[in-house]
Amino acid sequence: MEALNLLLLAFIVICAVAVSVTKDLLTSIIIFMAQSLAMSVVWILLRAPDLAITEAAVGAGITSLLMFITLKKLHAIRIQGKDSDEDE
Amino acid sequence: MLNALTDHLEEVAALILFGIGFSNLLLNRNMIKKIIGFSMMDSAIYLFLASYGYIRGRLAPILPAETPAPSVTQYVNPLPAGLVLTGIVVSVSSTAIMLALTVRLYRRYHTLNIDEIAMRAKEADEA
Amino acid sequence: MKMNDDRIRWLADGSESLDSEMLREYGQPEAEEAPDAFEMPHPRERRYYHLLHTWTHRRGERLMNRMYSVAVVLICVAICALLIATTADMPRFGDAAPLEDDNLSEFYVEEGYRHTGAANIVTGIILDFRGFDTLGESHVLFIALCTVLMLLYLPKKSDPKTMREWLESEADDRRFEPHADLILQQGAVLLVPLVLVFGVYILLNGHLSPGGGFSGGTVLGAGLILYLLAYGFRKTERFFNFRTYRRLTTSALLFYALSKGYIFFTGANGISNGVGTGRFGAILSGGLLLPLSVAVGLVVACTMYVLYTLFRKGDL
Amino acid sequence: MIWWQNIPFFLVWTPLLFASITAVLRAKVSRFLILLFPAVSALLSAILTWYCLRNGGSFAFSMGAFGAPYGNELRAGALEAALATAFSVIMLLSLLGGWNRMNVQIPRQRLGLYCVMVMLLLSGMMAEVFTNDMFTAYVFIEIMTIAACSLIVARTRGRTLFAATKYMIFNQLGSGLFLLGLSILYCLTGNLLMGDLHEKVAALIAEGAHLDSLTLAVALITIGLAVKSALYPFHSWLPDAYASCTPASSAMLSSLISKTYIFLYIKFIVRVIGLENLDVIHVRPILLACAIASILMGSIDAILEKKLRRMIAYSSVAQIGYVYLGIAVGTELGIAAAVFHIIAHALAKSLLFLTGDRLIGASDGDAHFHELCGAGFRAPVCGAAFTVGALSIVGVPLFAGFASKLYLSQACLDMSPRWSVIGLVVLAFSTALNAAYFLITIVTLYRTPMHAYQTRMHHHWYSNAALAALAVLLVLMGLLGPGIFSIIESGIKYLG
């Protein structure tokens with residue numbers, strides 16, 4: 001149990017470092033997602049199952065999904081070229 | 001310092017995570033990276049808070065249906081989990097707002113680099 | 001797909017790639033001319049000035065950036081060390097010691113279920129004891145959604161400019177979405193009901209087992225998003241449009257705020273609120289906990305789904 | 001429980017309830033609601049102030065049937081009620097004063113959402129003022145942060161997007177630090193309720209246990225709230241945010257939101273730490289240094305600024321420095337002076353932002369100073385109101401700013417001789433700096449213009465009436481200074 005805990009925490013910290021050093025945004029989001037999953041296992045080890053479910057659904061699910069969709073959107077905007085955003 | 005590392009494993013990990021998130025936030029000029037830094041900082045704080053509730057050898061705070069005569073010595077502290085649950089939902093909403101702002105910023109200034117955005121905002125102001 | 005070739009690598013921070021990008025889009029920057037605008041009396045001085053100028057613009061800037069990063073890293077390491085050093089001072093991890101005089105958790109664990117009727121103490125705390133925080137928290141979600149709506153909403157019936165924007169974002173979706181992907185659809189046939197049933201289960205069972213409004217709501221929202229991914233907007237628009245969303249969220253939030261307000265008001269004034277806790281451990285127990293978690297779950301599920309669709313195409 | 005003791009609960013809960021209703025109403029109706037609610041809230045909190053003053057002391061409203069430490073709790077006394085009154089009145093007047101510009105500058109489809117934000121802002125403000133629980137404070141801080149962000153971004157023109165992003169980044173950082181400090185505090189004491197926290201903190205200090213962690217927690221919460229209320233080294237988000245959004249928003253941002261955070265900090269200092277323990281935590285010297293830096297640097301930045309609204313924004317940094325100076329004195333007198341300055345500055349700053357934007361509008365929309373010549377003649381009401389606000393900030397006798405600077409200097413004398421001399425010198429010097437940039441602006445407003453201007457902006461009578469009301473309130477507060485100050489002082493006794 002202790003060993004698993006240690007392993008997960010190390011994994012989380014390594015993920016955090018990896019996110020900050022990767023240049024590619026897609027990769028870093030995927031790493032962030034993995035980190036969230038590891039975090040949800042940590043919540044189970046800390047005897048907080050409610051948190052584990054929420055973290056798995058929110059951190060690894062919704063947040064990462066929103067980040068992916070943002071990247072996609074940015075890509076689309078770039079391909080379309082300039083569309084100015086001024087309006088009043 | 002060393003006994004801090006062994007005695008407070010979770011807290012130390014959480015604080016290192018906090019530091020990494022913080023430096024991510026300050027160092028990276030890229031908006032998406034900044035947002036990830038935020039999320040990391042937030043989850044570090046939650047880890048820190050929840051690890052306080054954990055007590056070795058005790059159960060998750062869910063009572064069995066048959067014997068509702070609980071004693072505090074059986075279960076971990078339930079309050080931090082409640083607080084963290086609140087916090088997680090708060091942090092996902094602020095992440096969503098930051099991402100929406102990023103999309104709009106990119107649509108207007110065509111870059112994710114916050115310095116360049118600042119520069120172009122200034123140019124647009126003076127024009 | 002061809003589009004995905006260079007993928008999103010260009011987004012990867014590096015100003016180098018973006019600089020060339022910018023040059024192509026905006027043409028040669030005119031900033032280079034700027035120093036000559038001053039009257040320089042001597043050619044030699046002018047050269048020095050040029051040297052200085054190029055230095056500040058090339059090396060100097062890089063040096064500043066490097067110094068800034070080093071400073072930031074140092075500060076962060078210092079903060080980290082400070083924080084970790086102070087944790088040595090704090091109660092040991094996994095110890096019961098801090099709980100010895102902690103009547104709070106003792107009350108929650110030993111007495112809490114008698115007041116709330118919930119077997120899951122955490123649900124009892126967030127929906128009952130600290131219900132005000134949770135009320136605020138649902139409104140955080142609500143206000144976040146309103147902000148995203150403000151930023152990204154592109155109504156269908158509007159002026160030509162927004163109309164064009166809307167059509168373009170529609171086109172993005174068509175271009176990048178693997179439409180009617182067979183594998184995804186077959187997977188969704190299996191997965192979506194499973195996810196939805198799981199979501200409903202943890203939503204309704206939140207006062208007895210791990211789960212509750214927030215986790216159940218997010219799982220439900222994720223299930224809906226999966227359905228959307230597999231079958232596209234056509235199908236989901238039939239049962240979930242903007243009006244449904246507004247009605248659902250508003251009525252759920254209203255019910256939530258009203259019932260919590262009733263509980264707060266009667267509680268503070270010492271009036272009995274007439275809400276029983278039911279038989280401990282039964283599904284219909286815990287007084288208002290179950291309807292409240294359903295309301296919270298609805299708000300969360302709708303919010304998550306609408307966030308996703310707003311990011312996708314600026315509408316529902 | 002007596003009937004009027006339910007008022008704080010309704011002040012917090014009703015806007016929250018109506019926020020979700022506002023979202024489905026038509027923009028016309030919800031525009032009416034956002035004027036109605038601050039008005040009602042001002043009335044109710046005035047009644048509450050009256051009863052609190054008559055009965056003395058403070059009372060707790062427990063949210064739910066459970067006693068204090070288990071559930072949430074609101075706590076109200078004369079000071080909280082008075083501040084709630086002031087905030088509601090200022091909110092109403094800011095909205096009215098910026099009404100025309102708001103309707104023009106915010107696209108129609110966003111107006112309904114803007115109203116939702118204002119409602120939630122009102123609720124969040126009231127919750128911060130009345131809450132007695134640190135974690136509730138955190139949740140409502142988040143509501144206020146997000147509401148403020150969308151108040152900025154509601155206007156689409158100019159650099160609002162960039163300003164809002166900057167605002168979000170800094171404020172999220174601030175709330176993160178606040179939450180971390182709060183977690184450490186909770187780990188040390190096992191409590192979240194302010195009163196119980198105070199007992200535990202006092203016990204820890206008496207034992208001398210965990211002093212380092214305690215200091216760290218207090219430092220984190222201080223930095224978090226300082227970032228959010230734009231104290232000097234953390235103020236760089238401020239000018240963009242205040243100068244780019246619609247005037248009603250900038251008035252509310254500068255006079256309500258940052259002030260609410262400061263009041264929360266005052267509650268934290270007085271109620272949780274206790275004024276007698278401040279020296280153990282070593283928070284005073286740092287606060288003093290930051291406050292003095294804020295006063296001086298804010299004024300200097302304002303002098304160097306070439307655009308009117310940015311100048312007003314920078315002057316906010318200096319004024320927030322005054323408030324923190326009062327807090328850093330660390331006596332009841334100092335806190336009372338700080339609270340007085342909060343109200344005086346909130347009135348003056350909302351007046352300045354509202355009139356400043358209109359004066360710019362009367363000069364063909366150019367914010368540079370050289371274009372503002374003669375704007376006082378082109379918009380006479382605005383010119384007069386701006387002059388009143390500016391004179392109050394400078395601290396000319398008869399106006400509220402004079403009284404507040406007087407009380408601040410009185411409070412400075414409570415410190416050790418060296419510090420009190422420094423404080424007084426800084427106050428005097430900064431008054432000179434304030435006078436420099438504001439008097440020059442006033443003179444500019446009444447100089448002969450360089451060319452003719454066409455823009456004639458139509459403003460409703462109630463808009464002008466709101467500006468006049470703000471100006472009158474400033475003068476009244478200057479004249480009735482001692483009375484208001486005694487209310488605040490009697491309230492502070494029961495704050496702890």
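Since this is a predicted model, take the numbers as computed values, not measurements. Each chain gets a letter, A, B and so on, in the order the sequences are listed, and its residues count up from 1.
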Would you be so kind as to tabulate the donor-acceptor pairs closer than 3.5 Å made by side chains of residues 35-46 of chain B, with sequence neighbours excluded?
residue : atom : partner : partner atom : Å
B:S39   : OG   : B:I35   : O            : 3.2
B:S43   : OG   : B:S39   : O            : 3.1
B:S43   : OG   : B:M40   : O            : 3.1
B:Y46   : OH   : B:G87   : O            : 2.7

>> Please report the interatomic distance CG(B:L17) to CG(A:L9), rounded to the nearest 0.5 Å.
In response: 9.5 Å
>> A side-chain contact here means heavy atoms from C-beta on lying under 4.5 Å apart; do B:Y54 and A:L45 qualify?
In response: no
> At a heavy-atom separation under 4.5 Å, does B:I20 approach chain A through its side chain, its backbone, both, or neither?
Replying inline: side chain
>> Nearest 0.5 angstrom please: A:L74 CG to B:M31 CE, how far?
In response: 10.5 Å
> CD1/B:I32 to CZ/A:F32 distance, rounded to the nearest 0.5 angstrom?
Replying inline: 12.0 Å
Would you tabulate the side-chain donor-acceptor contacts of residues 14-22 of chain A under 3.5 Å, counting partners in other chains and residues two or more places apart, or write 'none'?
residue : atom : partner : partner atom : Å
A:S20   : OG   : A:A16   : O            : 2.9
A:S20   : OG   : A:V17   : O            : 3.1
A:T22   : OG1  : A:A18   : O            : 2.6
A:T22   : OG1  : A:V19   : O            : 3.3

> For B:L47, is it the side chain, the backbone, both, or neither that has a heavy atom closer than 4.5 Å to a heavy atom of chain A?
Replying inline: both
> If you measure from CG on B:L99 to OG1 on A:T70, what distance do you get to the nearest 0.5 Å?
Replying inline: 4.0 Å
> By a 4.5 Å heavy-atom criterion (distance strictly below it), what part of A:M67 contacts chain B: side chain, backbone, both, or neither?
Replying inline: both
> Under 4.5 Å, heavy atom to heavy atom, which residues of residues 50-59 of chain A contact chain B?
Replying inline: A:D50, A:L51, A:T54, A:E55, A:V58
> Which bit of A:I44 is near chain B, if near means a heavy-atom gap under 4.5 Å: side chain, backbone, both or neither?
Replying inline: neither
>> Tell me every residue that passes side-chain hydrogen bond (donor to acceptor under 3.5 Å, both in side chains) with B:S94, counting only those two or more places apart in sequence or in another chain.
In response: D:Q172
